Amino acid sequence: MAERVTIKVPRRARDRLAQVAQERGLTVGQLVEQLASQQRTAAQIAERVAAERKAAREVIGGDISDEEFERTPDVLVNLYSPAAERREQV
């Protein structure tokens, strides 16, 4: 059996978790475990960002710096159209 610990939360949070858990047919512990497993660490987020930037660079065939990615909101979404146009030209 997994080691159990106590987490102190405000009563309202506990009651809310209990309600959500009950509606999903889970215990509060199972719900908390499920919620925790869905959260990404800073390292996991950074790894995903790096992978997405690498893929974007490969798709457009260019070298976009990390600074350019950070200055341009939704750069990955905005790359799909120009990348499709480039493919049509080839």
Side-chain angles (χ1 to χ4, degrees):
M1 179 179 214
E3 181 183 350
R4 300 283 178 183
V5 297
T6 300
I7 300 173
K8 292 185 178 187
V9 298
R11 185 177 306 272
R12 284 187 5 217
R14 184 212 52 198
D15 293 347
R16 175 80 172 146
L17 289 169
Q19 178 185 2
V20 172
Q22 181 181 21
E23 290 174 0
R24 296 182 185 181
L26 303 170
T27 65
V28 172
Q30 289 170 326
L31 176 64
V32 169
E33 190 171 358
Q34 186 180 77
L35 293 171
S37 71
Q38 294 170 351
Q39 303 309 305
R40 301 294 164 241
T41 65
Q44 289 170 321
I45 292 168
E47 184 178 306
R48 171 99 187 246
V49 167
E52 289 179 352
R53 288 178 178 181
K54 180 180 181 222
R57 288 177 178 116
E58 289 172 1
V59 167
I60 64 168
D63 190 26
I64 299 173
S65 70
D66 285 342
E67 292 76 23
E68 289 171 309
F69 273 106
E70 291 169 15
R71 283 196 314 260
T72 309
D74 301 321
V75 71
L76 293 177
V77 173
N78 295 332
L79 287 175
Y80 291 118
S81 179
E85 290 172 14
R86 282 185 88 163
R87 286 185 181 165
E88 290 174 7
Q89 294 172 359
V90 175

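All of these numbers come straight from a predicted model, not from anything done at the bench. The chain is numbered in sequence order, starting from 1.
- Taking OG from Ser65 and CZ from Arg53, the interatomic distance works out to 8.5 Å, rounded to the nearest 0.5 Å.
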Check residues 30-42 and write down every donor-acceptor pair under 3.5 Å in which the side-chain atom is one partner and the other belongs to a residue at least two apart or another chain.
unit_1, atom_1, unit_2, atom_2, d
Gln30, OE1, Thr27, N, 2.8
Gln30, OE1, Thr27, OG1, 3.4
Ser37, OG, Gln34, O, 2.8
Gln39, NE2, Leu35, O, 3.4
Arg40, NH1, Ser37, O, 3.0
Thr41, OG1, Gln44, N, 3.1
Thr41, OG1, Gln44, OE1, 3.4

Using a 3.5 Å cut-off and no angle test, enumerate the donor-acceptor pairs between side-chain atoms of residues 7-26 and protein atoms at least two apart in sequence or in another chain.
unit_1, atom_1, unit_2, atom_2, d
Gln19, NE2, Glu23, OE2, 3.3

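- Residues that satisfy the side-chain contact (heavy atoms from CB on, under 4.5 Å) test with Thr6, not counting sequence neighbours, are absent from this structure.
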